[in-house]
Amino acid sequence: MSLNNSIGEGDMTSRPSKRIRVPTQNFAPDPETAEEQRMIEQALANSRKDTVRDVEILSTIPFGPTFYPTKEEFSGDPLIYLEKIRSVAEKYGICKIVPPEGWNPPFAVDLDCPKKFQTKDQSIHRLQEGISFGDGTEYTVREYQKMATAWSKKWKRRYSAPDTAGAATEDVEKKDTEGGTVGEGLPSIPVSSSAAVTSTEPTITSSSSVQNNEPSPSTTSSSTVTSSDDLLKSENGGSVTNNYEMKMGGDTPKETIIMSPENLERDYWDIVEMQSHEVDVDYGNDIDTSEVGSGFPISQRGRSVNSPNFQKSEHDDLPEPEFGTEEYYRETFWNLNNIPNSKNSVLRHLKVGINGINVPWLYFGCLFSTFCWHNEDNYMYSINYHHKGAPKQWYGVPGTKQDADGVERVFKNYLSMKMRDVPDLLHHITTSFSPRILNQEGVRVCKLLQHAGEYIVTFPRAFHGGFSLGPNCGEAVNFALHDWIPHAVDANERYRTFARPSVFSHDRLVYTMAHWVTELRTKEICSALAQELRRLKNEELLLRAKLIKAGVRDVSNDVELPPNRLDQLDEESADYDDKRLCHSCKHICFFSAVCCECSESKVSCLRHSHYMCRCSIKRKYLLVWTKEKEMNDTIAKVERRGEELDNSNVVSLVDDDLLEKYATKDKYHHKTYDVSVDPICVLEKEVPQLISSAASSIASARSSSASPELKQHPVQATSQGVDTVTAQQIASAEALVENVVKLDQSALG
């Protein structure tokens, strides 16, 4: 007490006042911070998986198969040829087909089309993050070539010799600063000596020794080997580095620094995996060929959806045109406008044009523009033709369940957080993982280098992806052989899992195939089709019985529905199918559907009727388009056709020894080919040079009796430039170059 009493009031007032305690608040990060945090967590998780980045794995990835059909094989149906190589090619997921000598189709794209196409803005250094692409700049064809050429030339300056690298870099920076020919809006490249990758050429005693050990194209019966020089020769402005010839005379391999596919491949994956540079490019993908035209001429026999007389029978009895003629390039089924409608393609039953499916899409690429990992719609086949420009680097994974599931597993492991939000990320085609990662995760991967004038075929369910090595133009379309049926079933089930609408009704197409039963050519095809028809029937009847037992009313005898058209899938049929999409899984209700009195438009497939609404089961009723008897009759018809046929006896064209030689050639070419940076068409700045070059070529032709490059590619040999040009200037220049061949035929002979 005495202590307390000793403290006076003055002492109390001199104490500092107590701070008021601030109430705690829950932390609520803003969306941007939360997304960044998730990306950091995902990156940390990935770093624990991918502990060692061995870039040498890229050089060990095997090359896929390359095939060289003869003129006789190329004059027939490409789908018949594909059946003969399928047993080997499908094991890789992709393959390359090199047309025979003399193949030189006209390039039908309207280069002066004033219409602009939309591009996608791709951040190459962020392709592993699964982010969507934004819209890029809109271009005309020539504007895109100007941009793509300037961008490639800018990157190529990084490959200057070591003693001049600094000067080249200064030149790039100076032009950027002054707004010169490099142009505005081009991807910026931080100065780094690491981009100039040094490659050592393999030791080869002489170029002639390679040629002498292989048959010439004219002497092989099915798949032929071209000479080493022919294989390494540029198809569109590129060239084999002179170091190859120089090295032949010495004993020690010389190191060269060229912009080879191998070096660009390392550059690309350094950007993607290590973010060595921040690179954004505009990719002209999925361009409607009705806007700028197809690269191939349009059929006059009704073989293309875009033909005015599409699939009319008036020309069916005409003989096939001779290989190499103008009519041949219009009518051959190697023309991508025609191949979906080959009599051996399932898609010939589609009478409505679907962009990218039976109507080709056009692609304008630039250096590092990327087509990310994906497989085709409905797991169909695809075929891609490279019209002009720099090569494309392709990667492929076999379409087996094990390998396809392996790719999906890599996506789920490395993008687990992203895929929780976007389960169907793979369908967005916006993500690329290095084949190195797929390889170390046990997924089989191969690669191919596609030059101008070559085809790449992808097989059902096979994942594929890649990127361009410079300015180029390609075209792609889908097709389907009858062996595709089991893959179509898998694709249909997957789409229903993700509620992803199919581009066409799987059930309708299967029944249309059965309607044209006489077109089924083998017992195996009939067996696979009958098996799928039985599966569809069994599920349909089982679910109908369950629903009716549960109280759903069957009004099929009281309501007259329009019958399903089975002879073809036309515009009217497609519109009708769009009106009977299951509200839950987006499956087209082809055989039957469940409806409810609460809605005049909503329908459900038999699997998901309980998700449609909360109404009593008594308000729901069943609509039936296909009765049980019709199903049984269809199955019986296919089975009878199978009994009439023998087992297939497809003679394989594959020679394992030849494939090994092709792979060796491709691997060597991958190291030594100097990638061109030239545009696919003439641009304004080069018109005077073009005319001068043409005049020089005429003089050279008169003084020399051999000019094979001029004979094969008279325009390509001189068509280079970086700016836009008028149609009249181009026509005059190209006409002058074409006269190089016409003026002195005897001198060129």
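Hydrogens, waters and symmetry mates play no part in the numbers below; they use all other heavy atoms, side chains included. We're numbering straight along the sequence, starting at 1.
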| message | If the threshold is 4.0 Å, N to carboxylate O, is there a salt bridge linking Glu540 and Lys537? | response | no
| message | Tell me if the centroids of the rings in Tyr381 and Phe459 come within less than 6.0 Å of each other. | response | yes
| request: Answer yes or no: is there a donor N or O on one side and an acceptor on the other, between the side chain of Arg641 and the main chain of Thr518, under 3.5 Å? | output: yes
| query | Do Arg521 and Glu83 touch side chain to side chain, with heavy atoms closer than 4.5 Å? | reply | yes
| field | Interatomic distance, His515 atom NE2 to Asn564 atom CG [nearest 0.5 angstrom] | value | 12.5 Å
| Has Lys637 got more than 12 heavy atoms of other residues, nucleotides or ligands less than 6.0 Å from its NZ? | yes
| Is there a side-chain contact between Thr497 and Glu493 (heavy atoms, below 4.5 Å)? | no
| request: For the residue pair Phe74 and Tyr455, categorise the inter-ring angle as parallel (less than 30°), tilted (30 to 60°) or perpendicular (more than 60°). | output: tilted
| Ring-ring centroid check Trp103 Tyr329, cutoff 6.0 Å | yes
| query | Is the side chain of Ser345 donor-acceptor paired with the backbone N or O of Asn341 at a distance under 3.5 Å, no angle test? | reply | no
| Residues Arg534, Glu639: salt bridge by 4.0 Å N-O rule | yes
| message | To the closest 0.5 Å, what do you measure between CD (Glu454) and CG (Leu448)? | response | 9.5 Å
| task | Run the salt-bridge test on Asp403 and Lys91 with the 4.0 Å N-O cut-off and return the result as yes or no. | result | no
| task | Using the side chain to side chain donor-acceptor pair (under 3.5 Å) rule, take Asp577 and Ser505 through it: C-alpha gap first, then chi angles, then the decisive distance, then the call. | result | CA-CA 8 Å; Asp577 285 348; Ser505 169; 4.7 Å; no
| message | So if I apply the side chain to side chain contact (heavy atoms under 4.5 Å, CB included) rule between Val359 and each of Asn337, Asn306, Leu350, which one comes out positive? | response | Asn306
| task | Using a strict 4.0 Å threshold on nitrogen-to-oxygen distance, state whether Glu644 and Arg640 make a salt bridge. | result | no
| task | Determine the minimum heavy-atom distance between Val292 and Cys113, stating which atoms define it. | result | CG1-SG, 4.2 Å
| note | Taken in chain and number order and not counting sequence neighbours, the residues that satisfy ring-ring contact (aromatic ring centres under 6.0 Å, His included) with Tyr363 are none
| Spacing of Leu82 atom CG and Ile97 atom CD1 [to the nearest 0.5 Å] | 5.0 Å
| query | Which heavy-atom pair separates Leu520 from Cys526 by the least distance, and what is that distance? | reply | CB-SG, 3.7 Å
| request: Tell me, with the steps shown, if Arg330 and Glu327 meet side chain to side chain contact (heavy atoms under 4.5 Å, CB included). | output: CA-CA 5 Å; Arg330 283 199 310 267; Glu327 186 183 13; 3.7 Å; yes
| query | Hey, what do you get for CG (Leu336) to CG (Asn384), rounding to the nearest 0.5 Å? | reply | 7.5 Å
| task | Please tell me if the side chains of Tyr328 and Trp334 come closer than 4.5 Å, counting only heavy atoms from C-beta onward. | result | yes
| task | Look at the aromatic rings of Tyr511 and Phe590 and report parallel, tilted or perpendicular, splitting at 30° and 60°. | result | tilted
| query | Taking the side chain from Ser304 and the backbone from Ser299, do they hold a donor-acceptor pair closer than 3.5 Å? | reply | no
| Glu331 side-chain N/O to Gln300 backbone N/O, donor-acceptor pair under 3.5 Å | yes
| query | More than 12 foreign heavy atoms under 6.0 Å from CH2 of Trp516: is that the case here? | reply | no
| task | Say whether Arg301 and Asn338, considering side chains only, have a donor N or O and an acceptor N or O under 3.5 Å apart. | result | no
| Taking it one step at a time, do Ser573 and Asp570 satisfy side chain to side chain donor-acceptor pair (under 3.5 Å)? | CA-CA 5 Å; Ser573 301; Asp570 56 8; 2.6 Å; yes
| Is a side-chain donor or acceptor of Thr672 paired with a backbone partner of Tyr668 at a separation under 3.5 angstrom? | yes
| query | Under 3.5 Å, is there a donor-acceptor pair between the side chain of Asn472 and the main chain of Gly365? | reply | yes
| Are Cys372 and Ile429 side-chain neighbours, meaning at least one heavy-atom pair lies under 4.5 Å? | yes
| Could you go step by step and tell me if Lys84 and Glu73 meet the salt bridge (charged side-chain N to carboxylate O under 4.0 Å, His left out) rule? | CA-CA 11 Å; Lys84 295 177 180 179; Glu73 292 162 347; over 6 Å; no
| task | Begin with the C-alpha distance, continue with both residues' side-chain angles, and end with the deciding distance and a verdict on side chain to side chain contact (heavy atoms under 4.5 Å, CB included) for Asn378 and Tyr495. | result | CA-CA 9 Å; Asn378 291 71; Tyr495 286 178; 3.7 Å; yes
| Close side-chain approach of His427 and Arg494, heavy atoms under 4.5 Å | yes
| Around atom CD of Glu572, are there more than 12 heavy atoms of other residues, nucleotides or ligands at under 6.0 Å? | no
| task | Decide yes or no for Val109 and Lys388: does some side-chain heavy atom of the first lie under 4.5 Å from some side-chain heavy atom of the second? | result | no
| note | Rounding to 0.5 Å, atoms OG (Ser676) and CG (Leu469) come to a distance of 11.0 Å
| task | Verify, without hydrogens or angle tests, whether Lys523 (side chain) and Gly642 (backbone) share a donor-acceptor contact under 3.5 angstrom. | result | yes
| Would you call Lys96 and Asp666 a salt bridge, taking side-chain N to carboxylate O under 4.0 Å as the test? | yes
| 4.5 Å side-chain heavy-atom contact, Ile588 and Ser502 | no
| said: Taking Val352's backbone N and O only, do any of them form a donor-acceptor pair with Asn358's side chain (distance below 3.5 Å, no angle check)? | reply: yes
| Should Arg303 and Glu320 count as an ion pair when the cut-off is N to O under 4.0 Å? | yes
| Have Glu376 and His464 got a donor and an acceptor in their side chains that come within less than 3.5 Å? | yes
| Step by step, would you call Asp490 with Lys401 a salt bridge (charged side-chain N to carboxylate O under 4.0 Å, His left out)? | CA-CA 10 Å; Asp490 293 338; Lys401 186 178 187 308; over 6 Å; no
| request: Using atom types as modelled and distance alone, determine if a side-chain donor or acceptor of Glu475 lies under 3.5 Å from a backbone N or O of Thr289. | output: no
| task | Apply side chain to side chain contact (heavy atoms under 4.5 Å, CB included) to Phe63 and Tyr92, showing your working. | result | CA-CA 9 Å; Phe63 280 79; Tyr92 294 82; over 6 Å; no
| Below 4.5 Å, heavy atoms only, C-beta onward: do Phe371 and Tyr283 meet side chain to side chain? | yes
| message | If only side-chain N and O atoms count, and only distance matters, is there a donor-acceptor pair under 3.5 Å linking Glu519 with His482? | response | no
| To the nearest 0.5 Å, what is the distance between CD1 (Ile485) and CG (Leu529)? | 4.5 Å
| said: Angle between ring planes, Tyr673 versus His451, binned at 30° and 60°: parallel, tilted or perpendicular? | reply: perpendicular
| Judged by atom type as modelled, is there a donor-acceptor pair below 3.5 Å linking the side chain of Asp286 to the main-chain atoms of Trp361? | no
